[in-house]
Amino acid sequence: MRKKLVLIFFAVLCTASLAFPTDIEKIEPGNWWTGMKDSKLELLVYGKDLDGTSVTIEAEDVEVVAVENADSPDYLFVTLDIGKDQKAGKIKLSFKKGKFFQKISYELKERSENSAIRKGFDQSDVFYLIMPDRFANGDISNDTTANTLEGTDRNNSNGRHGGDIAGMISKLDYLQTLGVTTIWPTPLWESNHVKNTYHGYACTDFYNIDPRYGNNLLYKQFADECHKRGLKLVMDVVPNHCSISHPWIQNLPLKDWIHPAPKTPGRALAISAWNDPYVSEKDFLLNKDGWFSPLMPDLNQNNEKVLRYLVQNTIWWIEYAGLDGLRVDTYPYCEREQIAKWTKAIMDEYPYLNIVGEVWQPQVSSVAYWQKDARNYDGYNSYLPCVMDFPLMDAMQDAFAAHNPNRGRHLNKLYASLAQDYLYAHPDNVLIFADNHDTERFATSIGKDLDLYKSAMGFLLTTRGIPQLYYGTEIGMNSDIEGIYKSNANRKEMNGGWGGDPRSVFVREGRTADESAVYDYVRMLLTWRKRTPVVQYGKLKHFKPQDGIYVYFRYDDSACVMVAVNANDADKVLDTQRFNEMLSSYHSGLNVETGEAYGQLDKISLKRKSTQIIELRKH
């Protein structure tokens with residue numbers, strides 16, 4: 001009997017010891033900063049059998065507010081309050097459970113000077129959107145890594161091609177010379193699953209750069225190199241979903257960390273469900289809780305700890321890399337009230353930052369609903385400063401379509417889209433573009449007509465808003481074949497970004513005649529736009545298109561620019577009497593493209609399929 005009792009005690013002792021934590025594997029965020037407006041910090045601690053673990057702290061002005069078990073025993077939530085007087089440096093966190101004890105050093109850094117009042121992008125900027133995997137490969141040693149599942153295969157249009165952060169750094173001088181001001185790479189976070197990882201929108205680690213792109217230190221260097229050249233850096237963030245391969249999915253911290261997988265296969269979401277007066281409850285819930293795709297589980301921002309995690313993650317990257325703004329993927333697919341809280345928390349910390357959200361809707365009213373301070377029927381305020389102008393993109397594709405024999409009449413679509421700007425609370429703070437990584441290449445969609453393409457670039461860079469170019473836009477890159485999902489033709493490599501490429505479009509001698517013509521025109525306009533505040537910040541006045549010609553003005557109290565878009569197949573002479581309310585104070589002008597001087601303005605000759613830009617003069 002004595003022997004049996006001893007064995008039972010030994011078995012109980014062994015079982016109990018197995019419940020003790022063996023090690024704290026990771027803490028997110030890995031560090032924080034003193035001097036934040038919100039002094040609360042919630043740590044997500046990863047380990048084994050952490051439930052019931054106590055946490056104490058050695059610090060001058062930091063207190064442990066709460067220690068909470070997760071639904072999984074392999075996580076612990078630790079909330080700290082970092083006092084206003086806490087100095088930067090390392091603090092000690094002690095974890096104890098039974099016989100287990102581990103002390104971890106946690107760093108609090110000092111915020112960079114003026115971090116809280118950093119200025120984001122605005123109408124003076126021009127975005128350059130890059131898909132890093134397809135732009136330039138600056139380091140072939142990281143093309144395939146030991147700790148990522150998918151290697152490089154340039155013959156696979158859905159595979160990784162090897163572009164990386166080092167490649168982007170190597171082309172910053174090219175971008176500076178081109179005249180863009182703001183770099184927007186698609187997500188660079190770790191995306192570790194077996195295939196189709198190149199686009200980056202299915203994240204497996206929110207706090208680490210994918211090793212096939214580089215690492216966190218290289219990303220910080222990339223930001224620094226941008227800033228040395230006067231370029232801004234915008235991070236593409238994805239608060240709506242993660243990857244099905246994220247470690248969370250096999251071991252959720254909380255049961256409702258994500259929304260349950262929908263029974264309906266594939267994506268069946270509808271942004272309009274949020275404010276559709278006739279929406280069914282089934283469709284509303286599917287949009288609210290549905291997954292963006294079967295490979296992208298929907299994060300549940302209604303869970304306060306998920307929301308806190310996402311807010312802190314974004315702030316961490318802003319502080320770590322010194323970011324100048326954010327682009328938010330699939331903004332309306334998030335929980336509507338919670339994404340507003342996410343946005344407000346970031347803007348409260350950085351009141352002069354700018355954040356642009358993807359709201360892919362064809363109607364101006366539907367996009368405007370999601371902009372900060374919109375006059376919405378339901379009182380909803382997203383706190384999102386800037387939205388992407390998809391309606392104007394659609395209008396541009398119709399207005400400049402080469403295959404449409406009546407394209408001149410379609411200039412009315414530009415006019416009609418801009419005429420609805422009264423719906424926007426801040427119509428100047430919208431991102432305008434002809435195409436992006438999710439659409440057909442603009443050159444392909446309009447029929448590869450060089451003159452119309454250049455004319456469209458003239459419109460894009462002179463109308464209201466913040467222009468965005470997609471990599472290759474500056475050389476008129478097309479998709480080769482129509483259909484964006486046919487071999488991802490809209491996401492092909494930039495020639496010259498890989499060693500051994502037969503030519504490089506990054507240098508003049510590597511560009512074709514047509515590519516050079518577009519590049520020279522776009523660079524000229526970008527250079528001119530930089531030194532022309534009236535085109536950046538001025539008011540807009542436009543006149544209804546007539547005879548295939550659309551005329552508008554950018555003006556302020558001291559300057560005025562006239563723009564005339566002639567979408568006809570023939571040259572035209574424009575009688576300007578109809579525009580006297582804008583021209584009465586001006587008697588001459590200068591053609592921005594050619595340098596030609598106009599001694600009189602009553603009649604102006606317009607070349608076919610062109611956008612003519614004239615700086616007006618009073619003398």
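Here the structure is a predicted model, which is why all the values come from computation and not from measurement. Positions are given from 1, in the same order as the sequence printed here.
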What do you reckon, are the aromatic ring centroids of H161 and Y198 less than 6.0 Å apart?
no
Of all residues at least two apart in sequence or in a different chain, which pass the side chain to side chain donor-acceptor pair (under 3.5 Å) check with Y453?
none
Of all residues at least two apart in sequence or in a different chain, which pass the salt bridge (Lys or Arg N to Asp or Glu O under 4.0 Å) check with D556?
none
D575: salt bridge (Lys or Arg N to Asp or Glu O under 4.0 Å) partners, not counting sequence neighbours
K603
Answer yes or no: does atom CD1 of I140 have more than 12 heavy-atom neighbours from other residues, nucleotides or ligands under 6.0 Å?
no
Holding to ring pair (Phe, Tyr, Trp, His ring centres under 6.0 Å), I want the full list of residues that pass it with F121, two or more places apart in sequence or in another chain.
F127
Using the ring of each side chain (for Trp, its six-membered ring), is Y550 parallel, tilted or perpendicular to Y552, with breaks at 30° and 60°?
tilted
Option from L461, T532, V126, L460 for which side chain to side chain contact (heavy atoms under 4.5 Å, CB included) with L525 holds
L461
Using a distance-only test with no angle check, is there a side-chain donor-acceptor pair under 3.5 angstrom linking S455 and T611?
yes
Taken in chain and number order and not counting sequence neighbours, the residues that satisfy ring pair (Phe, Tyr, Trp, His ring centres under 6.0 Å) with Y537 are none
Could you tell me which residues satisfy salt bridge (Lys or Arg N to Asp or Glu O under 4.0 Å) with E225, sequence neighbours excluded, listed by chain and number?
K228, R229
Contacts of T145 meeting side chain to side chain donor-acceptor pair (under 3.5 Å) (sequence neighbours excluded), chain-then-number -> N147, T148
Partners passing salt bridge (Lys or Arg N to Asp or Glu O under 4.0 Å) against R523 (at least two apart in sequence or in another chain)
none
Considering residues at least two apart in sequence or located in another chain, which fulfil the ring pair (Phe, Tyr, Trp, His ring centres under 6.0 Å) criterion with Y219?
W317
Set of residues satisfying side chain to side chain donor-acceptor pair (under 3.5 Å) with respect to K492, sequence neighbours excluded:
D480
Contacts of E474 meeting side chain to side chain donor-acceptor pair (under 3.5 Å) (sequence neighbours excluded), chain-then-number -> Y128, Y174
The ring pair (Phe, Tyr, Trp, His ring centres under 6.0 Å) partners of Y213 (sequence neighbours excluded) come to none
Does R511 make a cation-pi contact with Y519 (under 6.0 Å, within 45 degrees of the axis)?
yes
